[in-house]
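One structure is given here, and the rest of the page talks about it.
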Amino acid sequence: MPSKLKLYNTYNAELEEFEPLQAPFVGMYLCGPTVYGDPHLGHSRGPILMDILYRYLMHLGYKVRYVRNITDVGHLQNDSDDGDDKIAKKARLDQVEPMEIVQKYTIAYHKAIDKLNVLPPSIEPRATAHIQEQINMVKGIIENGYAYEVNGSVYFDVLKYAEDEDYGKLSGRKIEDLIAGAGEERRALEGQDEKRNPNDFALWKKASEEHIMKWESPWGIGFPGWHIECSAMSSKYLGEYFDIHAGGMDLLFPHHESEIAQSTACFKHTPCKYWLHNNMITINGQKMAKSLNNGILLEEMFSGDHHLLDKAYSPLTMKFFLLMAHYRSTVDFSNEALSAAEKGLKRLSNAIEKLDELKSSDQSEVAVEAWKENLYEAMNNDLNTPKAIAFLFEAVKWINEISSSKLKINEDDLKLLSETFKTFFFDILGLKLEDEGSDKERIEGLVNLLMELRQDAKTEKNWAMADKIRDDLKNLGVDLMDGKEGSSFKLN
RNA sequence: GGUCGGAUGGCCGAGUGGCUAGGCAGAGGUCUGCAAAACCUUCUACACCGGUUCGAAUCCGGUUCCGACCUCCA
C-alpha cells in the first residue's frame, strides 16, 4: 500500500495519519438519532460516513468495534418549548407510553438506514439503559470539583474547567467570546438562574411532576443532561480513551465540546484521539427546516411522495449521491443532481454486470496496478469518495472498450481490475446492484420469447411489428437494444 | 454581532502554485431499417478587486454573497 489512511481531525483542525491506539483494534463512536420522529435526510449522512469508514477500516484489516447510540431520553420539544421531555411530550399527545414512541421510531430508523445498505453497528446502546453509568459519571465529575448541585439539578462548571483545561478547542471557541456572547435573553430561559455561569450546562436535571421519563439519583428524581449519555456509553464500550468519535458538524458545539469537557473532568483526559465531523445537507440551496417546509423524510425520498421531489429516488441512488460529495462539504439535494447520480450509478452497475463476460488477450493496454493505487490513495486521503468514484468511472470506460474489443487486457490485469472494482463498489462503498425483482427469470424468459418473435418480424422486414413489440415493451419498463450480436434488454 | 467553513463550467461536484478530475445535461460522429444502449470526439470554469510569483482557480490582503454554530433542548 503506497500511503496510509489520513483523516481530518477536527480536534487539531488538520489532516492526520490514522494510527490506532491499540492496533489492530479500532473503537469508533457515532452520535446516533433521537428517536422521536421519522428519520429524515439529515439522519443519513453520519451513518453513511461511518459506514464507509467502518467498511474501509475492516477492509484494511482492522478489528473494529463500532458503537452508535440511540438517544431515547428526549428533553425539550424545540426552542418554543416549555421544558418537558421531548419524548414524553409526544407520548402524552398520542396517549401512548414513551417507550412505545421510542420503539416505533427506532424501528423506522433501522428500516430506513438498512435500505441504504449501511452495516449495523457492533453495539447500539440506548441512553435509557445506561442511566446508572451516566449517574456514575456525574458523580465522578462532582468529585473532581467540576460540577455543582443546585435544587436537585447538577451543572457542569465551565469556568472552573476552563481554568485548568482548554475549553473550546474542538469548536475553535474562546471562553471569553462565549461569556461575552451571553446576552440578556439567556437569563429568561429556564434553569438559567440556577447556573453560576450561563455557559454551564446540565449534567442532571430535576424532573417536574408531569415529567414522564425520570429516574432516581443521588440528587433526587430527575433525568440526565443531553451530553452525558454519549460520554457514558462511549467510555463504557470503547474505554475512557478510544480512537474515533464522529457526528454532524452541528454537534460540534456545544455537544462534542461538552463531551470532551465531561470526559476530561471525569477521567482526566480527552475521550478520543480523532474527531470526525460530516457537513450538513441542504435542499435546493437551503437548509432543511420545518419553517421552510422543505424537510424530506427518507421514506419520502424512496417513494417520491414529497412536493419537492419529481420522482422517487432509490436508497442506493441517495447513498451514491452522498458519496459523490466529500463528507466535509455541504451537499445540496435537487432533482437534477439526484437523477445525475441515478444515471451515474446505473453506469457503474452496467459495467459490473459486464465485468464477468470480458475476454482477456495476451497483451494489456491498461495500467490497472496504478489505477488501483489511485483508488486507495483517494480513500486514504480523508475518505475522498468522490475521487474514488471518479476512478471507478475511468474503469467503466475501460470495461466498455474491452467489451467492444477496442481495448486489450491480459488475464492477470482483468482479474485485478474485476476484483478491485467489485471490492470498492460492494465492500468499501457499500453499494449494490439494484434489485430487479424476484420474477427476474420469468421476465427474462418472456422477454426473450418476444425478442425472438421480433427477430422473425425483422427478418420479414415487418418493421411495424418489430417496432410495436419494442415500443410496447418499453411502456412496460423493458428497454430493447439492438446490437451487433442480436438484441438485448434491460429492465427499468 | 462573534467563531468557523464555503463560493469551480447549464446542473452536481473533486482538485490545487505550471500537467484531462469525474458524473449528468448539450453538440458532432461510429453502430443501427429506425431507435436505444455503448463507444469516440467536443463546448461552457474556477465570486469580485488588489498583491506575491516567470506563472495563481490554487498563496496573501480586502470586498460581496451563502451556510453552520454561538441559549434551553436534541
Side-chain angles (χ1 to χ4, degrees), chain A residues 10 13 31 33-34 36-37 71 73-87 168 171-174 176-178 180-183 185-192 195 198-199 201-202 205 225-227 229 248-255 257 277 279-280 282 285-287 320-321 324-326 328-348 350-351 354 378 381 384-394 396-397 399-401 403-407 458 461-463 466-467 470-471 474 479-484 487-490:
Chain A
T10 322
C31 293
T34 303
Y36 71 96
T71 296
V73 194
H75 297 278
L76 286 173
Q77 181 106 359
N78 56 39
D79 38 11
S80 66
D81 216 308
D82 53 7
D84 286 333
D85 187 297
K86 208 176 221 172
I87 286 167
S171 55
R173 272 155 226 269
K174 294 193 178 75
E176 303 83 53
D177 294 339
L178 290 169
E185 311 142 39
R186 277 185 167 186
R187 303 223 159 68
L189 290 163
E190 187 261 337
Q192 288 298 311
K195 295 182 180 178
N199 296 307
F201 54 88
K205 291 275 274 188
W226 166 39
H227 315 302
E229 63 175 79
M249 267 181 190
D250 53 334
L251 297 180
L252 236 141
F253 189 91
H255 186 235
E257 197 69 64
H277 289 95
N279 215 319
M280 311 314 287
T282 57
Q286 287 185 301
K287 70 167 174 175
F320 183 66
F321 170 66
M324 291 218 304
H326 185 83
R328 284 195 290 122
S329 307
T330 52
V331 68
D332 189 52
F333 274 74
S334 62
N335 284 292
E336 222 175 343
L338 281 162
S339 3
E342 186 175 53
K343 286 177 187 162
L345 179 59
K346 211 162 203 178
R347 195 162 137 83
L348 287 182
N350 287 345
K354 274 187 198 170
N381 188 11
N384 196 332
T385 50
K387 204 167 183 179
I389 288 168
F391 285 119
L392 289 184
F393 276 115
E394 193 179 316
V396 168
K397 205 166 183 175
I399 292 167
N400 288 330
E401 289 182 22
S403 169
S404 56
S405 308
K406 282 179 184 163
L407 190 71
K458 282 171 73 176
K461 298 212 186 283
N462 185 351
W463 306 129
D467 288 352
R470 187 178 63 202
D471 295 344
K474 190 178 177 68
D479 289 351
L480 291 195
M481 290 155 297
D482 294 345
K484 252 180 184 164
S487 304
S488 59
F489 73 94
K490 210 170 55 174

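All of these numbers come straight from a predicted model, not from anything done at the bench. In what follows, chains are A, B, ... by sequence order, proteins preceding strands, each numbered from 1.
- You'll find the side chain of A:N400 reaches within 4.5 Å of the side chain of A:R347, heavy atoms only.
- Counting any heavy atom pair closer than 4.0 Å across all strands shown, A:H326 reaches sugar-phosphate atoms only and no base atom.
- Pairing of B:rC70, defined by two Watson-Crick or G-U wobble distances under 3.5 Å, is identified with B:rG1.
- Among B:rG10, B:rA37, B:rA14, the nucleotide with an atom closest to any side-chain atom of A:P386 is B:rA14.
- Applying the 4.0 Å criterion to OP1 and OP2 of B:rC72, one finds that A:K195 has a side-chain N or O inside that range.
- Searching all strands for a Watson-Crick or G-U wobble partner of B:rA21 with both distances below 3.5 Å returns nothing.
- Protein atom CD of A:E401 is 17 Å distant from nucleotide atom P of B:rC31, rounded to whole Å.
- If you take atom C1' in B:rG10 and the same atom in B:rC69, they sit 33 Å apart, rounded to whole Å.
- The residues A:K474 and A:D471 are annotated as not salt-bridged, no charged nitrogen and carboxylate oxygen being separated by less than 4.0 angstrom.
- Of the candidates B:rC24, B:rG22, B:rA14, B:rC24 carries the atom nearest the A:A340 side chain, counting heavy atoms from C-beta on.
- Side-chain proximity of A:N400 to B:rA14, B:rA38, B:rG10: nearest is B:rA38.
- Base engagement by A:L480 is indicated by at least one non-hydrogen atom pair under 4.0 Å involving a base atom.
- Remark: the backbone N or O of A:K406 is not paired with any side-chain donor or acceptor of A:E401 at under 3.5 angstrom.
- A:K397 comes within 4.0 angstrom of sugar-phosphate atoms only, judged by non-hydrogen atoms across all strands, and of no base.
- Which of B:rC72, B:rC11, B:rA36 sits closest to the side chain of A:M481 comes down to B:rA36.
- Remark: the A:D482 side chain and the B:rC31 base include no donor-acceptor N/O pair separated by less than 3.5 Å.
- With values rounded to the nearest 0.5 angstrom, A:R470 atom CZ is found 6.5 Å from A:D482 atom CG.
- For the OP1/OP2 pair of B:rA14 and a distance below 4.0 Å, the side-chain nitrogens and oxygens of A:S329 include at least one atom meeting the criterion.
- To the nearest angstrom, C1' of B:rA25 lies 15 Å from CD of A:E342.
- Looking at every heavy atom in both residues, A:S171 comes nearest to A:L252 through CA-CD2, 3.4 Å.
- Taking every side-chain heavy atom of A:A390 into account, B:rA21 is the closest of B:rA38, B:rA14, B:rA21.
- A donor N or O paired with an acceptor N or O is found under 3.5 Å between the base of B:rA35 and the side-chain atoms of A:R470.
- Of the C1' atoms belonging to B:rG28 and B:rG33, the separation is 22 Å, rounded to the nearest Å.
- A sub-4.0 Å separation between OP1 or OP2 of B:rG15 and a side-chain N or O of A:N384 is present.
- To the nearest angstrom, P of B:rC70 lies 11 Å from CG of A:L252.
- Looking at A:F321 and A:F333, their side chains come closer than 4.5 Å, going by heavy atoms from C-beta outward.
- Residue A:P33 is classed as having no contact, given no heavy-atom separation below 4.0 Å to the nucleic acid.
- Residue-nucleotide stacking is present for A:W463 and B:rG33, judged by a side-chain ring centre under 5.5 Å from the six-membered base ring centre and planes under 30° apart.
- For the P atoms, the distance from B:rG62 to B:rG5 is 14 Å, rounded to whole Å.
- When the nearest nucleotides of RNA chain B are assigned to A:A341 and A:A337 by heavy-atom distance, the more 5′-ward of the two goes with A:A337.
- Taking every side-chain heavy atom of A:F393 into account, B:rG23 is the closest of B:rG23, B:rC69, B:rA38.
- Between B:rA14 and B:rG6, the distance separating the two C1' atoms is 15 Å to the nearest Å.
- The partner of B:rC65 is B:rG6, by the rule that a Watson-Crick or G-U pair needs both atom distances under 3.5 Å.
- Rounded to whole Å, atom P of B:rA37 lies 17 Å from atom CZ of A:F489.
- Mapping A:D250 and A:D332 onto RNA chain B via the closest heavy atom, the residue that lands nearer the 5' end is A:D332.
- Atom CG in A:L251 sits roughly 14 Å away from atom C1' in B:rC70 (whole-Å rounding).
- Between A:F253 atom CZ and B:rU3 atom C1' there is a gap of 10 Å when expressed in whole angstrom units.
- Closest to the side chain of A:F321, from the set B:rC12, B:rC34, B:rG15, is B:rC12.
- The nearest whole Å value for the distance from the CD atom in A:E336 to the P atom in B:rG26 is 11 Å.
- For A:N462 against B:rG33, no side-chain N or O and base N or O form a donor-acceptor pair under 3.5 Å.
- The side chain of A:R347 has B:rC39 as its nearest neighbour among B:rA35, B:rC39, B:rA14.
- Taking the P atom of each, B:rU32 and B:rG26 are spaced 24 Å apart, rounded to whole Å.
- Nucleotides B:rG17 and B:rA7 have their P atoms positioned 15 Å apart, rounded to a whole Å.
- Going from atom CD1 of A:I389 over to atom CG of A:L348 covers 7.5 Å, rounded to the nearest 0.5 Å.
- Partner assigned to B:rC39 is B:rG29, using Watson-Crick or G-U wobble distances below 3.5 angstrom.
- Atom C1' of nucleotide B:rA37 and atom NZ of A:K406 are separated by 13 Å, given to the nearest angstrom.
- For the C1' atoms, the distance linking B:rC49 with B:rC70 amounts to 31 Å, nearest Å.
- OP1 and OP2 of B:rG23 both lie 4.0 Å or more from every side-chain N or O belonging to A:K343.
- Taking atom P in both B:rC43 and B:rG23, one finds a spacing of 15 Å when rounded to whole Å.
- Among the heavy atoms of the strands lying under 4.0 Å from A:A202 are primed sugar atoms or P, OP1, OP2 only; no base atom is included.
- Distance check, rounded to the nearest 0.5 Å: CG of A:L251 to NE2 of A:H277 gives 6.5 Å.
- At distances below 3.5 Å, at least one donor-acceptor pair connects side-chain atoms of A:S339 with backbone N or O atoms of A:N335.
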